[in-house]
Amino acid sequence: MESLAKGLLSHFMSYRPQMTPLEELRHSAAHMLGAAVRRLFPQAQLDIGPPTEQGFYYDFDLDHAFTAEDLVKIEEEMRRISKENQKFERMECSREEAERLIAETGQTRYKPGRLADIPAGEQISFYRNGEFLDLCAGSHVRYTSQVKAFKLLHVAGAYHRGDEKNRQLQRIYGTAYPTKDELEQALARAEEAKKRDHRRLGKELKLFHIDEKVGQGLILWTPNGAVVRQQLQDFISEHLFRTGYKQVFTPHIGNLDLYRTSGHFPYYKDAQFPPLVEREAMELLAKEGCGCGELTNRLSEGTVQGFLLKPMNCPHHIRIFASQPHSYRDLPVRLAEFGTVYRWEQSGELNGMTRVRGFTQDDAHLFCTEDQVLGEVLGCLELVKVVLSTLGLSDYRVRVGLRDPDSQKYTGAKENWDKAEAACRAAAATLGVKFTEEAGEAAFYGPKIDFVVRDVIGREWQLGTVQVDFNLPERFDLSYIGPDNRPHRPVMIHRAPFGSMERFVGILIEHFAGDFPTWLSPEQVRVIPLNDDLNADADAAVARLVAAGIRATSDGSSDKLGAKIRRAELSKVPHMLVLGAKEKEAGQVNVRSRADKSFEGNRTLEDFIGLVSAEVRERRLKAHVPAAQPPAAKG
RNA sequence: GCCCCUGUAGCUCAGUCGGCAGAGCGCGUCCUUGGUAAGGACGAGGUCGGCGGUUCAAAUCCGCUCGGGGGCUCCA
């Protein structure tokens with residue numbers, strides 16, 4: 001169903017008749033790419049070549065794998081085509097003529113299918129530039145010479161029609177802009193983006209480590225990164241305490257039956273680490289000579305017992321709720337945990353901290369009455385807002401995921417869904433930010449509200465999420481005693497304002513370019529003695545800072561001041577205190593500050609401690625957080 | 001999982017035609033004791049991701065495998 005939607009999307013991308021001027025330019029570049037490849041590799045079978053938000057691509061089927069040198073040659077050929085100043089000409093024709101033209105050009109592997117996508121009655125058209133003829137609804141620029149500022153970027157695999165059951169094609173990506181300047185700026189922006197890649201900064205600033213001996217997609221939080229994470233957790237915990245949450249701890253595994261009840265096993269089997277089978281069962285199976293297939297069957301049937309690394313925290317929290325009877329007077333019950341979960345992500349999907357196999361959700365489950373749903377959802381949204389605004393993540397959109405009216409996949413009564421969707425819609429409306437309602441985006445167990453944050457490089461990430469759930473309370477037969485002295489079914493709300501600590505910190509690293517606000521900085525203050533004679537004084541200053549709860553170190557190396565300053569700058573320490581003979585004499589320190597220039601100058605250590613303590617207490621963002629720069633994709 | 005690219009010191013990277021393993025940063029020792037982004041000298045540090053093959057000889061060529069990257073697919 002997903003691929004059907006994507007198929008339709010690509011249909012619109014290639015046949016939508018009216019494009020923006022920038023899209024026209026890029027789409028024309030794609031045709032020139034197709035033409036260049038046909039010149040150099042006449043046997044290439046072409047699929048489609050649409051413009052994208054960042055540039056354009058064209059998909060080719062060819063036995064020879066494109067090399068980096070090929071890309072250079074293809075780009076040269078495109079420049080030649082640009083110089084040839086070919087006219088883009090539109091030709092309209094009947095379906096029969098189209099079939100004939102496709103056969104004539106020899107593009108019989110994919111183009112007939114693309115032709116068949118065009119609904120009966122719709123005008124069929126080709127575009128010609130030079131010798132190159134391509135089935136295409138347009139539109140295009142008038143001459144190839146208008147496409148001057150372009151660059152081919154890389155080649156990647158892509159399944160025909162986005163379906164992994166289909167043949168994999170070679171997709172050549174490129175980008176194009178109206179002017180050379182704009183192209184160069186875009187390429188420079190991409191270079192800048194690389195510099196703030198969290199994988200690179202994570203290494204440079206020693207924030208985290210992924211060790212191949214430990215395993216793919218498993219994050220080792222090194223001391224610096226652990227500080228950032230701990231500060232974020234403390235920040236959330238403060239809010240949870242104030243808003244009536246109770247903290248719980250649960251183990252990393254649970255009985256398979258728990259997940260059979262929840263419906264997650266074996267339904268999501270492929271996305272989980274394999275189960276841990278009980279020793280006796282395993283030995284028995286081995287004695288019987290039972291193969292893997294049979295083991296899998298028995299695990300699914302429930303005739304073999306075992307445990308599962310938890311892929312989510314809900315069942316554990318549910319069992320905590322169910323461990324005691326509840327009166328309606330107790331509700332809502334709000335259980336929170338920084339709960340670590342494990343999911344078997346496909347190896348090709350893993351990426352630094354943003355896509356991993358073990359991660360910690362800042363999770364909570366709220367158990368409430370139907371009447372409390374709106375209020376509780378509002379509370380959750382408020383928390384997400386506080387989180388985003390405290391961290392300066394101001395560029396986000398809100399997506400309300402609703403049922404797909406035509407689908408049968410949803411569980412729960414219609415009245416419940418109506419109520420929950422109304423609650424989500426009403427809650428989102430109070431946010432004061434734009435939100436979109438998207439049918440079919442609901443989870444199978446209930447509607448949800450997602451916060452999609454756009455990072456400094458313009459990519460979108462789903463972070464905070466609030467989900468209303470009727471399904472699990474039903475499956476686990478949860479109840480509370482209502483005022484009528486009869487059992488009632490509670491509603492569950494799942495929410496995670498950060499999403500996961502790993503992904504959130506990864507995105508924060510890029511958002512701040514490693515330049516964390518002081519409250520999150522692994523090291524907040526570096527004391528720099530001017531010479532060895534002052535090392536002891538520097539250590540004494542550090543002791544006073546640490547006693548005041550400030551993360552500080554001193555640099556007692558035998559380098560010159562400039563080198564020490566440079567080292568502190570590169571480590572992105574927000575405040576530096578230079579201690580020389582003059583300062584010692586005056587009983588002061590000289591403040592050099594990346595974080596807050598108003599701190600700079602000579603002041604006593606007490607003054608400075610007061611300033612930094614306030615900065616940290618208020619979780620102030622530094623003044624020079626780089627403003628979000630969405631890519632200049634709009635024409 | 002699939003396609004393509006890639007793997008040399010803690011980090012960033014050079015290594016030509018197959019012929020003794022290199023640089024900068026970092027680290028250690030010593031000299032230097034200074035005023036806001038790099039003072040100097042010496043030194044330690046390597047199973048060239050792993051396994052196998054071709055060869056008189058492999059970081060270099062081939063196969064397999066593990067990890068990383070760019071995409072596709074996926075993401076309860």
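A quick note: this is a predicted structure, and the numbers were derived from the prediction, not measured. Heavy atoms only: backbone and side chains are in, while hydrogens, waters and symmetry mates are out. In the text below, chain A, chain B and the rest are named by the order of the sequence lines, each starting its count at 1.
Under 3.5 Å, the side chain of Glu345(A) and the base of C75(B) form no donor-acceptor pair of N or O atoms. In this model, no side-chain donor or acceptor of Tyr57(A) finds a partner on the base of G71(B) within 3.5 Å. With hydrogens and angles left out, the side chain of Glu583(A) and the base of G35(B) share a donor-acceptor pair within 3.5 Å. No hydrogens or angles were tested; on distance alone, nothing pairs the side chain of Asp533(A) with the base of U33(B) as donor and acceptor under 3.5 Å. Between the side chain of Arg171(A) and the base of C72(B), no donor-acceptor pair under 3.5 Å is found.
Here A76(B) is the nucleotide among G35(B), C11(B), A76(B) with the atom lying nearest to any side-chain atom of Met312(A). Closest to the Val155(A) side chain, of the nucleotides C4(B), U36(B), G1(B), is C4(B). In the set U33(B), G35(B), C2(B), the nucleotide with an atom closest to the side chain of Tyr159(A) is C2(B). In this structure, the nucleotide among G34(B), G35(B), G70(B) sitting nearest to the side chain of Asn531(A) is G34(B). Considering only side-chain atoms of Ile565(A), the nucleotide from G70(B), A37(B), G34(B) that sits closest is A37(B). For Ser558(A), the side-chain atoms get nearest to G39(B) when compared with the rest of A37(B), G39(B), G35(B). In the set G69(B), C72(B), A38(B), G69(B) carries the atom at the smallest distance from any side-chain atom of Arg199(A).
Gln467(A) approaches Thr465(A) most closely through the heavy-atom pair NE2-OG1, 3.3 Å. Nearest heavy atom pair, residue Leu472(A) against residue Ser262(A), reads CD2-O, 3.7 Å. Listed here is the closest heavy atom pair of Cys380(A) and Val466(A): CB-CG2, 3.7 Å. The two atoms that bring Phe599(A) and Phe608(A) nearest to each other are CD2-CE1, 4.1 Å, heavy atoms only.
The aromatic rings of Tyr342(A) and Phe273(A) sit perpendicular, their planes meeting at an angle over 60°, well past the 30° parallel limit. Ring geometry for Phe66(A) versus Phe41(A): interplanar angle over 60°, hence perpendicular rather than tilted (30 to 60°).
Side-chain nitrogen and oxygen atoms of Arg526(A) include none within less than 4.0 Å of the OP1 or OP2 phosphate oxygen of U36(B). One finds no side-chain N or O of Arg567(A) lying less than 4.0 angstrom from the OP1 or OP2 phosphate oxygen of A37(B). A sub-4.0 Å separation between OP1 or OP2 of G10(B) and a side-chain N or O of Lys206(A) is absent. Taking 4.0 angstrom as the limit, Arg592(A) places a side-chain polar atom (N or O) nearer than this to OP1 or OP2 of A37(B). Considering only side-chain N and O atoms, Asn351(A) lies under 4.0 angstrom from the phosphate OP1 or OP2 of G70(B). Checking the phosphate oxygens (OP1, OP2) of G1(B), a side-chain nitrogen or oxygen of Ser347(A) falls inside 4.0 Å. Phosphate contact (OP1/OP2 of C3(B), side-chain N/O of Tyr173(A), threshold under 4.0 Å): absent.
When the P atom is compared between G15(B) and U60(B), the two are found 15 Å apart, to the nearest whole Å. For the P atoms, the distance from G18(B) to C56(B) is 16 Å, rounded to whole Å. A gap of 36 Å separates the P atoms of G40(B) and C17(B), to the nearest Å. When the P atom is compared between C31(B) and U12(B), the two are found 34 Å apart, to the nearest whole Å. Across the C1' atoms, U8(B) and C4(B) are found 23 Å apart, a figure rounded to whole Å. Rounded to whole Å, the separation between the C1' atoms of U6(B) and G28(B) comes to 33 Å. Rounded to whole Å, the separation between the P atoms of A23(B) and G43(B) comes to 11 Å. Look at the C1' atom in both A21(B) and A38(B): the space between them is 28 Å, to the nearest Å.
As a whole-Å value, the separation of Ile210(A) CD1 from G69(B) C1' is 12 Å. Here G39(B) presents its P atom at 5 Å from NZ of Lys560(A), a figure rounded to the nearest Å. Rounded to whole Å, atom P of G71(B) lies 23 Å from atom CZ of Arg167(A). In this structure, the CG atom of Leu579(A) is 14 Å from the C1' atom of U36(B), given to the nearest Å. Between the CG atom of Asp559(A) and the P atom of C30(B) there is a distance of 15 Å, rounded to whole Å. The nearest whole Å value for the distance from the CD atom in Gln216(A) to the C1' atom in G68(B) is 9 Å. Atom NZ of Lys564(A) and atom P of U33(B) are 13 Å apart (whole Å). The CG-P distance, from Asp532(A) to U32(B), rounds to 11 Å in whole Å.
For Arg503(A) and Trp461(A), the positive end is not near the middle of the six-membered ring at less than 6.0 Å and at most 45° from its axis. Taking the ring axis of Tyr57(A) as reference, the NZ or CZ atom of Arg171(A) stays within 45° of it and closer than 6.0 Å to the ring centre.
Heavy atoms of Ala156(A) sit under 4.0 angstrom from at least one base atom. Using a 4.0 Å heavy-atom cutoff across all strands shown, Gln272(A) reaches at least one base atom of the nucleic acid. Counting non-hydrogen atoms under 4.0 angstrom, Ala443(A) reaches nothing in the nucleic acid. Among the protein residues, Ala68(A) comes within range of no part of the nucleic acid, since none of its heavy atoms lies under 4.0 Å from any strand.
Where Leu169(A) and Glu212(A) each meet RNA chain B at their nearest nucleotide, the meeting point lying more 5' is that of Leu169(A). Each of Gly348(A) and Phe66(A) lies near RNA chain B, and the nucleotide nearest Gly348(A) is the one positioned closer to the 5' end.
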Given Asp469(A) and His494(A), is the side chain to side chain donor-acceptor pair (under 3.5 Å) satisfied, shown in steps?
CA-CA 7 Å; Asp469(A) 182 0; His494(A) 309 242; 2.8 Å; yes

The dot-bracket string of RNA chain B, counting Watson-Crick and G-U wobble pairs with both distances under 3.5 Å, using [ ] for crossing pairs and | for pairs to another strand, is (((((((..((((.....[..)))).(((((.......))))).....(((((..]....))))))))))))....

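Donor-acceptor pairing under 3.5 Å is lacking for the side chains of Gln170(A) and Asp61(A).
Of the possible polar contacts, one joining the Lys564(A) side chain to the Pro529(A) backbone as a donor-acceptor pair under 3.5 Å is found.
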